[in-house]
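The structure under discussion appears below in the form of structure tokens.
Chain letters run A, B, ... following the sequence lines, proteins first, then strands; residues in each count from 1. Atom set for the values below is all heavy atoms of this structure, side chains included, hydrogens, waters and symmetry mates excluded.
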Amino acid sequence: MEDTHAAMGKKRRNILTREFFERDARLVARELLGKFLVRRHYSLIRTNKGIVRWGKDIAVMITETEAYNGPEDRASHAHRGRTIRNEPMWGDAGVWYVYLCYGMHNMLNIVTGPREYPAAVLIRGVESANGPGKITKMLQIGSTLNNKKAARASGLWIEDRGVKIAPRAIMRAVRIGVSYAGPVWSKKRYRFLIKNTA
DNA sequence: TAAGTGATCTCT
DNA sequence: GAGATCACTTAA
């Protein structure tokens with residue numbers, strides 16, 4: 001799903017702000033289903049007015065998320081304390097936390113909850129890509145976005161476009177790839193997905 | 001099922 | 001510094 005900067009310009013955007021994210025990670029993870037992740041890429045084009053910078057947006061609906069909640073969550077990077085890598089998790093809500101996993105995949109998370117409380121939501125699936133590594137590859141999301149606000153200025157943000165997901169269309173499941181987190185935390189059903197989507 | 005890949009973290 | 005680990009993907 002694509003639309004140009006010009007086409008979207010007249011429409012009223014409903015960009016999610018810090019208030020939305022400054023809540024329990026599990027609630028945010030659930031409510032992010034059906035919201036749109038929007039990536040803006042700029043390119044220079046030639047017009048009769050000369051060379052201008054042109055922004056093109058790619059918007060994809062979020063279909064799968066995972067919550068990582070608090071210092072006690074053994075599956076969370078924050079469990080071992082504050083480090084250079086996980087620093088964004090302790091900061092303001094509504095900020096991207098991007099890190100490299102397995103040497104080749106960037107994981108995209110949005111920080112949630114109050115300051116000093118480490119929590120985030122991993123964006124694990126969108127309508128046209130399932131798997132956190134594929135999303136970041138498709139939208140060209142890398143470490144340059146780490147610790148940047150989710151807003152137009154950073155080129156990556158989340159919008160509410162009015163899509164409502166019925167509660168019974170939402171499934172909960174255990175998180176992926178966190179078996180190391182022990183019997184309690186690896187079994188928490190902190191993964192949320194829309195039924196019938198890949 | 002296992003290789004690929006490299007930043008990060010822990011322990012010397 | 002060295003060694004282990006890792007919120008994954010792809011090809012077989």
Side-chain angles (χ1 to χ4, degrees), chain A residues 16 20-35 37 39 58 60-113 116-150 154 156-158 170-194 197-198:
Chain A
L16 302 183
F20 178 90
F21 299 104
E22 207 161 46
R23 300 179 294 159
D24 188 292
R26 293 160 293 187
L27 182 62
V28 173
R30 171 185 285 266
E31 291 194 9
L32 277 178
L33 298 178
K35 301 294 190 293
L37 180 66
R39 179 72 163 126
I58 299 174
V60 287
M61 194 176 78
I62 297 170
T63 57
E64 183 177 350
T65 57
E66 277 179 4
Y68 289 84
N69 187 35
E72 298 193 343
D73 184 348
R74 288 186 56 188
S76 171
H77 289 167
H79 177 245
R80 291 185 170 279
R82 197 190 282 239
T83 66
I84 294 171
R85 177 176 68 166
N86 66 32
E87 177 67 25
M89 294 186 76
W90 268 265
D92 284 327
V95 169
W96 298 117
Y97 170 41
V98 182
Y99 68 92
L100 190 66
C101 187
Y102 296 108
M104 54 186 103
H105 303 296
N106 286 114
M107 303 285 112
L108 177 66
N109 304 251
I110 186 86
V111 176
T112 65
E116 303 302 320
Y117 183 83
V121 171
L122 170 68
I123 298 182
R124 171 165 267 290
V126 298
E127 62 187 335
S128 51
N130 61 325
K134 291 198 238 176
I135 296 172
T136 54
K137 186 180 178 191
M138 177 177 75
L139 297 179
Q140 299 180 49
I141 293 165
S143 57
T144 54
L145 277 155
N146 187 43
N147 217 9
K148 298 279 201 306
K149 267 174 66 175
S154 68
L156 183 67
W157 66 90
I158 300 176
I170 296 176
M171 223 167 76
R172 290 183 67 181
V174 295
R175 292 174 290 186
I176 301 290
V178 296
S179 55
Y180 60 86
V184 174
W185 291 96
S186 66
K187 292 199 176 73
K188 294 274 188 191
R189 298 199 303 155
Y190 283 3
R191 176 173 164 231
F192 299 87
L193 54 151
I194 303 175
T197 56

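- The nucleotide whose nearest atom lies closest to any side-chain atom of A:Leu100 is, among C:dA7, B:dG4, B:dG6, B:dG6.
- For the pair A:Met138 CE and C:dT10 P, the interatomic distance rounds to 13 Å; values are reported in whole Å.
- Among the protein residues, A:Met107 comes within range of the sugar-phosphate backbone only, with heavy atoms under 4.0 Å from sugar or phosphate atoms but none that close to a base.
- Distances from the side chain of A:Met104 to the nucleotides B:dG4, C:dC8, C:dA7 place B:dG4 closest.
- Backbone-only engagement by A:Arg85 is indicated by non-hydrogen atom pairs under 4.0 Å involving sugar-phosphate atoms exclusively.
- Rounded to whole angstrom, the span from the CD atom of A:Glu87 across to the P atom of B:dC9 amounts to 11 Å.
- One atom, OH of A:Tyr180, and another, P of B:dC9, lie 13 Å apart when rounded to the nearest Å.
- Residue A:His77 places at least one side-chain N or O under 4.0 Å from the OP1 or OP2 atom of C:dA7.
- A:Lys134 places its NZ atom 13 Å from the C1' atom of C:dA11, with the value rounded to the nearest Å.
- Between A:Leu122 atom CG and C:dC6 atom C1' there is a gap of 13 Å when expressed in whole angstrom units.
- Of the candidates C:dC8, B:dC9, C:dA7, C:dA7 carries the atom nearest the A:Asn109 side chain, counting heavy atoms from C-beta on.
- Residues A:His79 and A:Asn86 form no side-chain contact, since every pair of their non-hydrogen atoms from C-beta on lies 4.5 Å or further apart.
- Separating the CD1 atom of A:Ile84 from the C1' atom of B:dT10 is a distance of 14 Å, rounded to the nearest angstrom.
- When side chains are defined from C-beta on, A:Arg124 does not count as touching A:Met107, because their heavy atoms never get closer than 4.5 Å.
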field: Test log, rule side-chain hydrogen bond (donor to acceptor under 3.5 Å, both in side chains), inputs A:Tyr190 and A:Asp73
entry: CA-CA 11 Å; A:Tyr190 283 3; A:Asp73 184 348; 6.0 Å; no
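- Looking at A:Ser154 and A:Leu145, their side chains come closer than 4.5 Å, going by heavy atoms from C-beta outward.
- The CE atom of A:Met89 sits 11 Å away from the P atom of C:dA7 (whole-angstrom rounding).
- Between B:dG6, C:dA7, C:dC8, one nucleotide has an atom nearer to the side chain of A:Tyr68 than all others, and that is C:dA7.
- Rounded to whole Å, the distance from OH on A:Tyr102 to P on B:dA2 is 15 Å.
- Across all strands shown, C:dA7 has no partner, as no Watson-Crick or G-U wobble contact with both distances under 3.5 Å is found.
- Proximity of A:Tyr68 to A:Val178: side-chain heavy atoms (C-beta onward) are separated by under 4.5 Å at one or more points.
- Residue A:Arg124 has a polar side-chain atom (N or O) positioned under 4.0 Å from OP1 or OP2 of C:dC8.
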